[in-house]
*Asks:* 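Pasting in a structure now, in structure tokens, and then I'll have a few things to ask.
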Amino acid sequence: MLDQLATERRNEQTMQLDEMTVEDVLRVMNAEDQTVATVIREQIPVIAEVVKHVIASFKNGGRLIYIGAGTSGRLGILDAAECVPTFGVSPDMVVGLIAGGERALIKAVEGAEDSRTLAVDDLKAIQLEARDTVIGIAASGRTPYVIGGLDYAKEVGAVTAAISCNTDAVISGHARYAIEVETGPEVLTGSTRLKAGTAQKLVLNMVSTAAMIGVGKVYQNLMVDVQSTNEKLEIRAKRMIREATGVDAVTAERVFHEAHGHVKTAIVMILANVPHAEAVERLQQANGFVRDAL
């Protein structure tokens with residue numbers, strides 16, 4: 001039952017929330033937020049297993065697909081969207097699906113999250129394959145849309161995982177891997193965009209970032225596949241070249257342009273002291289891993 005979930009219980013620390021000063025409200029929210037990372041730590045072993053499968057999916061030409069409703073769905077879409085500029089990947093590599101479609105990003109779509117078949121339709125529309133990894137996200141852990149999607153993904157043969165903010169969540173039984181981050185009662189009862197939403201965002205950060213590291217999108221701690229699509233990112237790209245190689249700003253600027261704005265290529269050109277064509281070839285042979293190309 002919904003009213004028995006930890007995320008739906010009343011928080012004993014905020015029973016007089018409406019009588020608190022602004023400062024006291026902010027302090028109690030901050031105190032509650034600090035508990036989230038600690039709870040996530042307990043789930044790192046299972047998160048690691050999920051990441052390994054996501055890496056395998058990527059290496060096999062598959063995708064990471066998030067499915068969720070409401071806040072959970074929006075967080076999945078946000079993480080997917082951020083992967084494109086951060087790691088220079090195709091928008092098709094990490095995909096976010098939300099119950100009700102794009103219009104649900106800004107306005108609730110009545111009844112969408114209660115349909116198991118809508119998730120099946122959405123996954124069929126993007127031609128889900130066995131080489132994909134599907135992660136269902138639901139703070140309550142019982143959203144029908146997510147359950148339907150996970151069940152269909154299992155039928156197709158894709159690896160499945162579930163992220164919930166309650167223990168013994170219903171969706172956990174519909175996925176191969178269950179990430180259960182019990183964040184407890186919210187400061188504002190039932191408002192799972194708060195601690196639960198923060199927990200989901202942190203887990204998604206871990207999954208996508210670690211998976212991208214696993215397929216060579218990072219050198220040292222630099223996001224060397226970043227797309228230089230604006231002035232800020234171009235400045236960042238040139239700075240990364242300097243920091244990774246130790247060259248001066250003038251040299252970084254010159255090699256950046258010789259590498260056609262591709263940071264990885266520029267780094268290999270400098271550190272291996274090779275021309276552009278050979279740097280490109282080395283990266284191809286190394287499957288995009290800068291260290292292996294040197």
*Asks:* Looking at D132 and I65, what are the two nearest heavy atoms and their distance?
*Replies:* OD2-CD1, 3.9 Å

*Asks:* Side chains of D24 and T21 only: does a donor on one sit below 3.5 Å from an acceptor on the other?
*Replies:*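 Per modelled atom types, D24 and T21 side chains form a pair under 3.5 Å.
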
*Asks:* Look up atom CD in E113 and atom OH in Y145, then write down how far apart they are to the nearest 0.5 Å.
*Replies:* 11.0 Å

*Asks:* Please give me the minimum heavy-atom distance between H174 and D151, naming the atom from each residue.
*Replies:*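 Taking H174 first and D151 second, the nearest heavy atoms are ND1-OD1, 2.7 Å.
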
*Asks:* Taking it one step at a time, do L97 and L123 satisfy side-chain contact (heavy atoms from CB on, under 4.5 Å)?
*Replies:* CA-CA 8 Å; L97 299 177; L123 289 170; 3.6 Å; yes

*Asks:* Determine whether the side chains of E32 and N11 contain a donor N or O and an acceptor N or O closer than 3.5 Å.
*Replies:* yes

*Asks:* Rounded at 0.5 Å granularity, tell me how far CZ in R242 sits from CG in D248.
*Replies:* 9.0 Å

*Asks:* Quick check: Y177 with H53 (ring centres under 6.0 Å apart)?
*Replies:*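 Yes, the ring of H53 comes within the 6.0 Å limit of the ring of Y177, centre to centre.
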
*Asks:* In this structure, are over 12 heavy atoms from other groups packed under 6.0 Å from R193 atom CZ?
*Replies:* no

*Asks:* Under a 4.0 Å N-O cut-off, is there an ion pair linking K195 with D33?
*Replies:*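 Result for this pair is no, no salt bridge flagged.
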
*Asks:* For I241 versus T245, what's the shortest heavy-atom pair and its separation?
*Replies:*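 Closest heavy-atom pair between I241 and T245: O-OG1, 2.6 Å.
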
*Asks:* Run the salt-bridge test on R27 and E23 with the 4.0 Å N-O cut-off and return the result as yes or no.
*Replies:* no

*Asks:* With a 4.5 Å cut-off on side-chain heavy-atom distances among I, L, V, M, F, W and Y, is there a chain of contacts connecting V54 to Y66?
*Replies:*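 Same hydrophobic cluster.
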
*Asks:* Are a donor atom and an acceptor atom from the side chains of T167 and E182 found within less than 3.5 Å of each other?
*Replies:*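 The criterion, which ignores hydrogens and geometry beyond distance, is satisfied for E182 and T167.
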
*Asks:* F256 vs T251, test: side-chain contact (heavy atoms from CB on, under 4.5 Å). Steps then yes/no.
*Replies:* CA-CA 8 Å; F256 174 77; T251 302; over 6 Å; no

*Asks:* I need the minimum non-hydrogen distance between A161 and V50, along with the two atoms involved.
*Replies:*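 In terms of heavy atoms, the two residues are closest at CB-CG2, 3.8 Å.
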
*Asks:* Heavy-atom count check: over 12 atoms from other residues, nucleotides or ligands less than 6.0 Å from N230 CG?
*Replies:* yes

*Asks:* Report the residue from V207, V95, I55, V51 that forms a side chain to side chain contact (heavy atoms under 4.5 Å, CB included) with L64.
*Replies:* V207

*Asks:* With distance as the sole test, does S57 use its side chain to make a donor-acceptor pair with the main-chain N or O of R131 at under 3.5 Å?
*Replies:* yes

*Asks:* Restricting to non-hydrogen atoms, name the atom on R63 and the atom on Q127 that form the minimum distance, rounded to 0.1 Å.
*Replies:*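 Heavy atoms only, the tightest pair is NH2-O, 3.0 Å.
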
